[in-house]
J.: 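Okay, here's the structure, questions in a sec.
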Amino acid sequence: MTSLPTSLLGDLDPTSDRAVFRQIADQLREAIDRGRFKEGEKLPSEAELVEHYGVSRMTVRNSFSILQGEGLVHAEHGKGVFVRPRPPVRRLASDRFARRHREQGKSAFIVEADAAGSHPQVDSLEVKEEKASQDISTRLGSVRRVLARRRRYLLDGRPVEFATSYLPLDIARDTPIAEPNPGPGGIYARLEELGHRLDHFEEEIRARMPSPSEVKTLRLASGVPVIHLIRTAYDTEGRAVEVCDTVMAADAYVLSYQLPAT
């Protein structure tokens, strides 16, 4: 077996109080951060690391577990451990809801997929009328019932987010918004056609670990958190016309913002 070069991974510090498996994880993490292991590249095998460091397989596995928990790597059964790709989609808040995109018949997700050079898909679509939760009712001005649109978004076949839009029934019932495919430009284009010209959006964002159902829906690897975003759309009359509750795979997105310096 070929030895690993010391320029790739260093040696353990026997005088350190830091556990050996954590030292190994530190060195692998540094090698990834410095680009010695590229995105999608396979890390040295357990056997190679055992020989390089003179440790047990269990010690190496504990090191890999740390990196998996940090979302830096993922394991493929029978193949090895690989560096996780960086987020492919840049979600530019100042541009994604620009009216020009709707006028071109493009939804925000399609715009972002095009910019990333990826193929967008939507599945798990469900459209139905239902009772509004207390939170959604408050955000939409005390409505009792809403039209809910649930869908999952995929890029190149990989699930990256799951979203539910809630709209007041007096706006959405018996309109194209209630159809599985609302048409070019998505529901925001239809809202404006119905006379609700959009004025601004408010977003609340937090990061957290996923629920078991979210892990399954987004096919998340161990240690990958989610971004939970709630957006409210307002028309020029100041009315809240939609609330969108979105859960995104945190390893699939970069959230990009431009803020005024006033």
J.: Is the side chain of Arg149 donor-acceptor paired with the backbone N or O of Glu179 at a distance under 3.5 Å, no angle test?
T.: yes

J.: Quick check: is Ile230 connected to Leu147 through a chain of hydrophobic side chains (ILVMFWY, heavy atoms under 4.5 Å apart)?
T.: no

J.: Between the main-chain N or O of Gly10 and the side-chain N or O of His52, is there a donor-acceptor pair closer than 3.5 Å?
T.: yes

J.: Does a side-chain heavy-atom distance below 4.5 Å link Gln23 with Leu12?
T.: yes

J.: Verify the cluster assignment for Phe162 and Leu154: are they in a single hydrophobic cluster under the rule of side-chain heavy atoms below 4.5 Å apart?
T.: no

J.: Does Leu229 reach the side chain of Met248, with side-chain heavy atoms less than 4.5 Å apart?
T.: yes

J.: Can you name the nearest heavy-atom pair linking Val215 to Pro210, along with the distance?
T.: CG2-CG, 3.6 Å

J.: Do Arg208 and Glu214 meet the salt-bridge criterion of a basic N to acidic O distance under 4.0 Å?
T.: yes

J.: Applying the 4.5 Å side-chain criterion to the ILVMFWY set and letting contacts propagate, would Ile66 and Ile32 be lumped into a single cluster?
T.: no

J.: State whether Glu130 and Arg150 are salt-bridged, where the test is any N-O pair (Lys NZ or Arg NE/NH1/NH2 against Asp/Glu carboxylate O) under 4.0 Å.
T.: yes

J.: Please name the residue in the list Glu41, Arg34, Glu39 that meets the side-chain contact (heavy atoms from CB on, under 4.5 Å) test with Phe37.
T.: Glu41

J.: Under a 3.5 Å threshold, yes or no: a donor from one side chain and an acceptor from the other, between Ser133 and Asp135?
T.: no

J.: Test your reading of the model: is there a side-chain donor-acceptor pair from Ser137 to the backbone of Arg144, 3.5 Å cut-off?
T.: no

J.: Salt bridge or not for Glu46 and Arg61, using N-O below 4.0 Å?
T.: yes

J.: Got Pro168 and Arg239 here, is their nearest side-chain heavy-atom distance under 4.5 Å?
T.: yes

J.: Does one hydrophobic cluster hold both Ile171 and Tyr166, with members joined at side-chain heavy-atom distances below 4.5 Å?
T.: no

J.: Treating Glu161 as the side-chain partner and Ala249 as the backbone partner, does any N or O pair qualify as donor plus acceptor under 3.5 Å?
T.: no

J.: Any donor-acceptor pair under 3.5 Å linking the side-chain atoms of Gln121 with those of His119?
T.: no

J.: Does this structure show an ion pair linking Arg18 with Asp13, if we count only N-O contacts that are shorter than 4.0 Å?
T.: no

J.: Please check this pair: side chain of Glu48 against backbone of Ser45, looking for a donor-acceptor N/O pair closer than 3.5 Å.
T.: yes

J.: Quick one: do Asp251 and Arg158 make a salt bridge, cutoff under 4.0 Å?
T.: yes

J.: Examine Val224 and Tyr253 and state if one hydrophobic cluster contains both, with Ile, Leu, Val, Met, Phe, Trp and Tyr joined whenever side-chain heavy atoms are less than 4.5 Å apart.
T.: no

J.: What I want to check is whether the side chains of Thr232 and Glu202 have a donor and an acceptor closer together than 3.5 Å.
T.: no

J.: Taking Val55's backbone N and O only, do any of them form a donor-acceptor pair with Thr59's side chain (distance below 3.5 Å, no angle check)?
T.: no

J.: Check whether any side-chain heavy atom of Leu169 lies under 4.5 Å from a side-chain heavy atom of Arg173, and answer yes or no.
T.: yes

J.: Shortest non-hydrogen contact from Cys244 to Ala163?
T.: SG-CB, 4.1 Å

J.: What distance do Met209 atom CE and Leu220 atom CG have between them, rounded to the nearest 0.5 Å?
T.: 8.5 Å

J.: For Val83, does its backbone N or O pair with a side-chain atom of Lys38 as donor and acceptor, under 3.5 Å?
T.: no

J.: In plain terms, say whether Asp123 and Arg152 are close enough for a salt bridge, that is, a side-chain N and a carboxylate O under 4.0 Å apart.
T.: yes

J.: Mind checking whether Leu43 and Phe64 have side chains closer than 4.5 Å, heavy atoms only?
T.: yes

J.: Examine the side chains of Arg190 and Tyr188 and answer whether a donor and an acceptor come within less than 3.5 Å of each other.
T.: no

J.: For Glu237, does the CD atom have more than 12 heavy-atom neighbours from other residues, nucleotides or ligands under 6.0 Å away?
T.: no

J.: Can you find a pair of side-chain heavy atoms, one from Val247 and one from Ile227, that are under 4.5 Å apart?
T.: no

J.: Quick one, Leu167 and Leu191 - any side-chain contact, counting heavy atoms below 4.5 Å?
T.: yes

J.: Quick one: are Ile187 and Ser165 in side-chain contact, heavy atoms under 4.5 Å?
T.: yes

J.: Strictly below 4.0 Å, N to O, side chains only: are Arg139 and Glu204 in salt-bridge contact?
T.: yes

J.: Salt-bridged, Arg151 to Asp245, with N to O below 4.0 Å?
T.: no

